[in-house]
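Here the structure is laid out as C-alpha cells; the discussion comes afterwards.
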Number of protein chains: 2
Amino acid sequence: MMRATIYDVAKEAAVSIATVSKVVNDTGQISEKTRNHVKQVMKKLDYEPSTIATALSGKKTKTLGVLVPNIANPFFGEITRVLENIARELDYAIIICSTYNQPEREKEYITLLLRKHVDGIIIATEQLDEETLRKINKRDTPILKFSVQANPNEATGVTTNNFEGGYIAARYLFDKGHHQVGLIGDLSRDSEKKRLQGFCDYFEMQQHAIQASYIISSDSELTEAKKAVDRLLNNTPRPTALFATTDFLAIVAINSATQKGIKVPEELSVVGFDNTIYAQLCQPPLTTIEQPIEEMGKLAIHQLLKIINGEKSIPYEQIVLTPKLIERQTVSSINL
Amino acid sequence: MMRATIYDVAKEAAVSIATVSKVVNDTGQISEKTRNHVKQVMKKLDYEPSTIATALSGKKTKTLGVLVPNIANPFFGEITRVLENIARELDYAIIICSTYNQPEREKEYITLLLRKHVDGIIIATEQLDEETLRKINKRDTPILKFSVQANPNEATGVTTNNFEGGYIAARYLFDKGHHQVGLIGDLSRDSEKKRLQGFCDYFEMQQHAIQASYIISSDSELTEAKKAVDRLLNNTPRPTALFATTDFLAIVAINSATQKGIKVPEELSVVGFDNTIYAQLCQPPLTTIEQPIEEMGKLAIHQLLKIINGEKSIPYEQIVLTPKLIERQTVSSINL
DNA sequence: CTCTTTTAGGAAATCGCTTACCTAAATGAA
DNA sequence: TTCATTTAGGTAAGCGATTTCCTAAAAGAG
C-alpha cells in the first residue's frame, strides 16, 4: 500500500491541498469544523507529511550532521548521545559521520551532508581543510565546532578549556609530590596538544620542565597506545605519575603497568581526561579531568540552531567551559 | 551565495536540464563533447545534485535509520560504527536513534524516519509494538532486525545464536569445575534471556540446575548493576563463577568483586558476552563470548539493500551466526 | 437593505530533479 | 538519391509539499 500524500487527504476530506497544508501547519484561516474534519481524515489515512517534500519547498530539513573521529570511541559515543538527545527534543535528526581522522572521508561526508541539505554541521574532528570549509560556506550551511578549537571567523565553537584542564592535572599531581611525570596524548589533535601544553606550563612554572623523552604521542589505537606507554615507563628514572590526554590512553596505561607488575596507584599514579563511563569502571577507578559534556551538548545544539535561524553571525561566538578534576583512586601522594 | 541548481548548470552550459540530469546519471544519449562541457560547468559552479529533489522525484533517499538502545553503550557504539562504515561505502547515510528502551521514543523516531523517507530501518532494540510495525509496513519501508530476534513474517534478521552462546559459556565454566554459578542479565531483553536459557539448559543437562536466587536481572545502569552483583555474591554458598549476558555487566561484576576483596579469577571467575573493546581493556582482561559484529554488520546492510532493491520478500530470511568463546584471564580452574 | 470588511478556503506557481516521449539532424541502407 | 534508422538532446509532466494571491460568502456598518 502506498503512503498517503497531501492529495489523498485533500480528496478524502473534499478540500484543497492548501487547506490540508494549513491544518498541518496551523496557519491561514480554517474553521474549527473543517480543521477537525481534516484532522480526522489525516488520522484515518495515517498521513504523515513528507519531510522531503517539505524541505524541497523551502523549509528546513530538520537534520544535522555530526562529524566525529569514531563513534565507537566512548568519548565520542557519549558526545553523540548527548547531541542526539537534545536534537531529538527539538525534533531534529542526526546523521552520524565517523571520519577516522581521514581527510578523504571527511570530504566525502561533507559532500553527502550538503547534498542532503542538512541544516547544520557539528564538527568534533580536528581536520577540515580550507577548500572543504569554503564549500560548506558557499552553500551557507552553518558549522559548529565541538570540543575542538575554532576560528571565530569560520565557525561557532563550544569547547572546554583544554589548556586549563592540563594545568589543573599538573597542579594536582605536583601537589601530591609527583615531579617526575610522563605525558601521553595524540599530538596530531590540537585539543590534546593544548592539554599537554597546559600541563607542561605548570611544571615549567615550578622549575620542573618536562623532558622530551617523557612526552609521547599516540593515537587511540590499542597496540600503538600500548607501545607508547611502554616507552614511557622504560624511562629512567621511571615516572611516578602519568598524565594521559584521554581516558582511553589512561586506561591502557593502567593495564600495561599492572601487567608489568607496577602497582597503580602505589607505584604509578595516573590521571586521565574526559571522564567517560569507563573511568568509573576501570580498576582502580580513574582520577580524571571531566569535560561537562551534557552542558556542552546543550549549548552546541542551541548555538547552532540560533545560527540556522539567522539569529547570529560573524564573528562567531566561542564558548569555553571549564573542566573539573574528578578524584578517584589512581593517584597517590608521594612523601618526599 | 546560493547553491547552484541543475537550472544554473543548464543555463551556463546552454543545454536543457534534461541533458544535465543525463550527464549526472550517465543515462540517455549525450555526445562526448556535450558531456565534457557540462561536467566542466558543474565543476565550475560547484554543483552537487540535491538528494532532496532527487528523492522527491522517485529515487531512493540513500538514508538508513538505525535504532539502538543507547549509542553510548560500547556494544551498540561498535554496532553503529560497523553499520555506518559499510553504509558509507555504499553511499548511504545513517540516522542514529537511541531509544533508551522507551517505546515512546521508539515511536517518535520511527515516525521521524518514515517522514524522512529512509530507505530502510535497522532495529537493534527489542521493543516495537504491533501498531508501529504495521505503520512501517504500510509505508513499505523494509526493516532489518539486528542482533535481536525477528519474526520471519515481519522482517529479515541477522543475529548471533544467543542460546548457543550461553550454552558455550556454560560448558566452558562447567568443564573448568564451576558448578555453583551466578547469572546476571537483562531479562527484559529477549536476546539476553536466550543467553541465560542456553546457559541454564547446559547446567540442567549436567544435573546441576541453577537455582532462582543465583539468577538476577539487571539493565545496563551502573548502580542497578552493582546492586545486582552484590546480591549475587551474597548468596551462600557464594558462586565460584559468574556469567553475565553483556561485557558491561561482567566488568561491573569484576569491579564489585575486586572492591569487596574477592580476587578475580582466583576466587571468582567471570565470563561476559559481546567482546567489546573494554573486554580487552579491563583488568584482568575478560573472557567472553564474541559476536562477529563486523560480519553481522556487513550481512545486515547487504540484506537490507537487497530488500530495498526488491530482490527479496516474505518469508524474510533469518541469518544466525555462531558466537565464539574468547579466552582471556577471568576464568580459573577449580580442582575438585 | 446596501456597501464594506472579514473569514474561509481554493487555484496555481514553485522548489530541484527524473523520465517518458518527441523531434530534428545525422547516418546508413538500397 | 530516397527512405529508414540512429543519435543527440529538448519538452513537459510529475514527485509532495508551501505559499501567494484570489474570490465567494458571511458578517458588520450605516
Side-chain angles (χ1 to χ4, degrees), chain A residues 1-39 41-42 45-63 114-119 139-141, chain B residues 1-39 41-42 45-63 111-112 114-119 139-141:
Chain A
M1 183 200 294
M2 276 307 286
R3 69 193 309 149
T5 71
I6 198 170
Y7 291 95
D8 301 325
V9 176
K11 182 182 280 182
E12 177 79 17
V15 296
S16 75
I17 58 164
T19 303
V20 178
S21 175
K22 284 168 190 161
V23 170
V24 170
N25 299 295
D26 238 324
T27 57
Q29 315 253 234
I30 307 291
S31 71
E32 204 50 33
K33 194 178 147 207
T34 313
R35 181 181 303 283
N36 285 140
H37 178 219
V38 171
K39 279 188 177 167
V41 174
M42 294 197 316
L45 299 188
D46 246 330
Y47 170 70
E48 302 279 4
S50 154
T51 321
I52 300 275
T54 305
L56 187 56
S57 52
K59 292 194 149 186
K60 301 264 172 276
T61 51
K62 293 277 195 169
T63 309
L114 290 177
R115 290 188 51 173
K116 285 207 184 324
H117 291 235
V118 294
D119 294 338
R139 306 286 192 303
D140 49 29
T141 301
Chain B
M1 184 200 292
M2 277 306 287
R3 70 194 308 150
T5 71
I6 197 171
Y7 291 96
D8 301 326
V9 176
K11 181 180 281 180
E12 178 80 16
V15 296
S16 75
I17 58 165
T19 303
V20 177
S21 176
K22 283 169 191 161
V23 170
V24 169
N25 298 295
D26 237 324
T27 57
Q29 316 254 233
I30 308 290
S31 71
E32 205 50 32
K33 193 179 147 207
T34 313
R35 182 181 302 283
N36 285 140
H37 178 220
V38 170
K39 278 188 178 168
V41 173
M42 294 196 316
L45 299 187
D46 245 330
Y47 171 70
E48 302 279 2
S50 153
T51 321
I52 300 276
T54 306
L56 188 55
S57 54
K59 292 195 150 187
K60 302 268 174 274
T61 51
K62 294 277 197 168
T63 309
T111 302
L112 184 151
L114 291 176
R115 290 188 51 172
K116 284 206 184 324
H117 292 235
V118 294
D119 294 338
R139 306 285 192 304
D140 47 28
T141 301

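Lettering follows sequence order; numbering is per chain, from 1.
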Rounding to a whole Å, what distance do you find between B:R115:CZ and D:dC15:P? 20 Å

D:dG16 P sits how many Å from A:L45 CG, rounded? 14 Å

So, using side-chain hydrogen bond (donor to acceptor under 3.5 Å, both in side chains) as the criterion, who are the partners of A:T51 when residues are at least two apart? none

Among all residues two or more places apart in sequence or in another chain, which pass the side-chain hydrogen bond (donor to acceptor under 3.5 Å, both in side chains) test with A:K59? A:N25

According to side-chain contact (heavy atoms from CB on, under 4.5 Å), who are the partners of [X], at least two apart in sequence or on a separate chain?
{"X": "A:K62", "answer": "A:D91, A:Y92, B:K116"}
{"X": "B:S57", "answer": "none"}
{"X": "B:S50", "answer": "A:H117, B:I52, B:A53"}
{"X": "A:T141", "answer": "A:L114, A:V118, A:I121, A:I136, A:R139"}

Restricting to pairs with a member in residues 46-57 of chain A, which pass salt bridge (charged side-chain N to carboxylate O under 4.0 Å, His left out), not counting sequence neighbours? A:D46-B:R134, A:D46-B:K138, A:E48-B:K135

Applying salt bridge (charged side-chain N to carboxylate O under 4.0 Å, His left out), which residue pairs with at least one partner in residues 4-18 of chain A are found, sequence neighbours left out? A:E12-A:K44

Taking the axis from the first five pairs and the axis from the last five, what angle separates them in the helix from C:dC1-D:dG30 to C:dA30-D:dT1, rounded to 10 degrees? 40°

Ignoring hydrogens and angles, write down the donor-acceptor pairs under 3.5 Å from the side chains of residues 26-33 of chain B, residues two or more places apart or on other chains.
residue, atom, partner, partner atom, Å
B:D26, OD1, B:R35, NH1, 3.3
B:S31, OG, B:T34, N, 3.2
B:S31, OG, B:T34, OG1, 2.8

Any residue in residues 29-39 of chain A with a heavy atom nearer than 4.0 angstrom to DNA chain D? Just list them by number, or reply none. none

Once base and sugar-phosphate atoms are separated, protein heavy atoms under 4.0 Å mark nucleotides 15-27 of chain C, 5' to 3', with B, S and - as BBBBB--------

Once you round to the nearest 0.5 Å, how far does OG1 of A:T5 lie from OH of A:Y7? 7.5 Å

